[in-house]
Amino acid sequence: MSASWAGGRPTRTSTYPEPVSTTSRLDLPAVNTPSSGALSWPDLPAAQQPNWPDAVALERARAELAASPPLVFAGECDVLRQNLAAAAQGEAFLLQGGDCAEMFSAATADNIRDRVKTILQMAAVLTYGASTPVIKLGRIAGQYAKPRSKDLEVRGDVTLPAYRGDMVNDFAFTEESRRPDPQRLVRAYHTSAATLNLVRAFTTGGFADLRHVHEWNRGFIANGAYARYESTAQDIDRAMKFMAACGVDFDALRTVEFFASHEALLLDYEKPLTRIDSRTGLPYAVSGHFVWVGERTRQLDGAHVDFVSRIQNPIGVKLGPTADPDEVLRLIDRLDPERRPGRLTFIARMGAPRVREKLPALVERVDRSGAKVVWVCDPMHGNTFESTTGYKTREFDDIIDEVRGFFEVHEALGTVPGGIHVELTGNDVTECLGGSEKILDADLEKHYETACDPRLNHQQSLELAFLVAEMLRSRVTRPRS
Ligand SMILES: O=C[C@H](O)[C@H](O)COP(=O)(O)O
Ligand SMILES: C=C(OP(=O)(O)O)C(=O)O
C-alpha cells in the first residue's frame, strides 16, 4: 500500500518515491516504509498553512524530506517522555525555551551557543535553587514556522502576505521575499540538522559540564542577575568540591540531556519527517523530540490534532483563555487515550490578568478525570501588546505575575506546576520591557531583533529563573497535608 501524504489538501493525494534504506539498529527509527501502511493521513482541514504557489516544487521538497535521515531518534523521544512523566508528578521541572521564530541567518555558532548557555544557566539556577531536576528543552532546531493573526501585512499603501517564518517566506517586506517557497522546507531541515549537531556537541562535548558553571557567565558585567548568578555558581562550586572530597564520581556531570522542540505547524514539513520506529513499528515525528500544537490550530477535528494523535513523541497543546474544560477532556481522550505518563503536556498561556480566573477550571476538571498531564506555564503569549513606540512587546512584571498566578492555582488545587515555556535569546536584545535593567519604551528600538514576538534577553531570562526557583522552592519545601 502506498503512503498518502495529502493531509489538509482535499484535492491532492500523492505517492512518494521509495525511501532510501537505513540502518536496522534497534534504537534507530526506520525510514518511512510505504508497506507499513501506518503513514497515511486523512484529509482534514489544516489551519495556518501557506498558499504554496508552485505545486510541483512543493512535491519535490516533500519528497526530499521524506528521503532524508531523521533529525532525532525515537529512543531519545521516549527518554524525554519518561522525564516528563516525572515532571507530571512534581519530581522534575520542565524548562522549555528559545526563539519565537528561528531565522536561517541567525543559526550561527555564537547564537546557538548563547541560547544553549542561557538555558543551562537557568537550569543551574532552578536545579540548585529548588533542589529539583530540570528537563532542558529548547525551542530550537525547527521553530521556523509561525501562525499569524492576519494573512496580510500592510505598510503604508503596500499590502503583502504576512511573514510566516523562514520555513515559508522571507522577513524582508518585498513581494518576492514574501512569496512562499517550498525549498525553504528543505533549508529548514538542513539548518535544523546543523543546529542540532552543534547543540549535541555543546551539551556532550564538555561545554555543559557543571564544573564550568562560572564560565557560562564570563564576560557579563557584575550587576543585577549576573552578580546573583555568580554567587549561585560559587555555591554550586563549593557543593561540588565538598562532594568531590567525599569521593563522588563526577563523570555524569560532563554531559547534559538537552532536547529539541518546535510547533508542529507546517504539515508539509512534519508529515514527510514522520517515520516508523523499527523497535516498535510505530510512527514518530523525527523533526524534533517534542512537538506542540498551537492555540490557533488545536481544533479537535483539524489536521494538527490528528497529526499529533498518530505520533508517539511526547506532545504539547497550547491552551489559551477560551479553552473549555469539556474540550480539554476531549483532547486528552484523543491524544492520550492510554493515559501514558509524560505523553501529554498542556501549555497554558492565559495572560496575567486571566490566569487566576481561567486556569483553575481546566486543571480541576483534568485532575478530577484522573489524567496525568504535565501542566506548563507559557507566560509570554497572553501578555503581548503594542508599545507606545509601535513595537510588539511584553512587560517583564506581567510575565512574572502570570507564572506566580500559575503556581498559586496549582497550590490551591494541590496539583503540580510542571514547568515553564518561554521565548528567550542569549543576546542582549531590547524586546521586552522592564526587568532589573528597566528597559523602557524608548529603549525598544535599540536592539529589537525578533522576527515575530518579543523575547526575554539573557539577563531577563536569568532573573526569571531566580524568581521561578523561589516559587518552586516554596512549593517543594511546604509540607503537604
Ligand atoms: O508567537 C506567535 C505569535 O503570537 C503569533 O504568531 C501571532 O502573531 P501576530 O499576531 O503578530 O500575527
Ligand atoms: C504561536 C505561539 O504560541 P500560541 O500558539 O500559544 O499563540 C508560539 O508559541 O510560538
Side-chain angles (χ1 to χ4, degrees), residues 46-50 94-103 137-155 159-169 171 173 178 188 260-266 269-270 288 290-299 302 304-305 307-308 315-323 327-328 331 345-352 354-355 358-359 362 375-387 390-394 398-399 402-403 406 419-425 431-432 448-456:
Q48 296 281 344
Q49 304 303 287
L94 174 68
L95 172 60
Q96 184 174 18
D99 272 326
C100 169
E102 290 184 277
M103 295 178 91
L137 178 59
R139 270 177 74 113
I140 200 166
Q143 185 54 23
Y144 288 106
K146 296 306 299 174
R148 300 310 305 249
S149 336
K150 296 192 185 110
D151 283 340
L152 299 171
E153 182 178 344
V154 183
R155 291 194 199 172
T159 301
L160 292 174
Y163 170 68
R164 289 189 167 272
D166 271 16
M167 199 187 274
V168 176
N169 55 6
F171 187 68
F173 194 68
R178 289 293 170 93
S261 69
H262 62 271
E263 178 172 352
L265 182 67
L266 280 207
Y269 182 75
E270 303 299 341
F290 175 103
V291 291
W292 75 87
V293 175
E295 168 71 355
R296 293 166 185 78
T297 51
R298 62 174 165 78
Q299 300 79 16
H304 292 87
V305 167
F307 171 72
V308 292
I315 54 167
V317 180
K318 292 282 198 96
L319 298 177
T322 59
E327 183 190 7
V328 170
L331 278 168
T345 294
F346 281 134
I347 307 166
R349 32 87 88 214
M350 301 290 156
R354 289 173 298 270
V355 62
K358 299 284 181 185
L359 187 59
L362 303 183
W375 283 103
V376 167
C377 174
D378 165 357
M380 314 299 290
H381 287 89
N383 293 312
T384 316
F385 63 95
E386 191 174 316
S387 75
Y391 288 92
K392 203 175 174 187
T393 190
R394 291 160 177 155
D398 291 342
I399 292 168
E402 179 155 359
V403 183
F406 172 80
I420 53 169
H421 175 123
V422 278
E423 289 182 337
L424 58 80
T425 165
E431 296 171 5
C432 290
Y448 194 93
E449 295 168 10
T450 184
C452 194
D453 278 1
R455 303 157 297 175
L456 294 175

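For ligands, and for the atoms within them, numbers begin at 1 and follow the listed sequence.
For ligand 1 and Lys392, the ligand atoms under 4.0 Å from any heavy atom of the residue are 8 (O), 9 (P), 10 (O), 11 (O). For ligand 1, the atoms closer than 4.0 angstrom to any heavy atom of Cys100 are 1 (O). Taking a cut-off of under 4.0 Å to the non-hydrogen atoms of Arg349, the atoms of ligand 2 that pass are 4 (P), 6 (O), 7 (O). Near Pro147, with a cut-off below 4.0 Å to any heavy atom, the atoms of ligand 1 are 5 (C), 6 (O), 7 (C). In the vicinity of Pro147, heavy-atom distances shorter than 4.0 Å reach the ligand 2 atoms 1 (C). Residue-ligand proximity, Asp453 to ligand 1, at heavy-atom distances under 4.0 Å covers atoms 1 (O), 2 (C), 3 (C), 4 (O). For ligand 1, the atoms lying closer than 4.0 Å to a non-hydrogen atom of His381 are 1 (O), 2 (C), 4 (O). Contact atoms of ligand 2 toward Gly294: 5 (O) (distance under 4.0 Å to a heavy atom of the residue). Under a 4.0 Å criterion applied to the non-hydrogen atoms of Arg139, ligand 2 contributes the atoms 8 (C), 9 (O), 10 (O).
Within the structure, ligand 1 lacks Met380 among the residues with a heavy atom less than 4.0 angstrom away. Using 4.0 Å as the threshold, Glu423 has a heavy atom nearer than that to some atom of ligand 2.
When heavy-atom distances to ligand 2 are checked against a 4.0 Å cut-off, Glu295 comes that close through both its backbone and its side chain. Under 4.0 Å from ligand 1, heavy atoms of Ser149 appear from its side chain as well as its backbone. At a heavy-atom distance under 4.0 Å, no atom of Cys100 approaches ligand 2. By the criterion of a heavy-atom distance under 4.0 Å, the side chain of Arg296, and not its backbone, is placed next to ligand 1. Of all the heavy atoms of Met380, none lies under 4.0 Å from any atom of ligand 2, so neither backbone nor side chain is involved.
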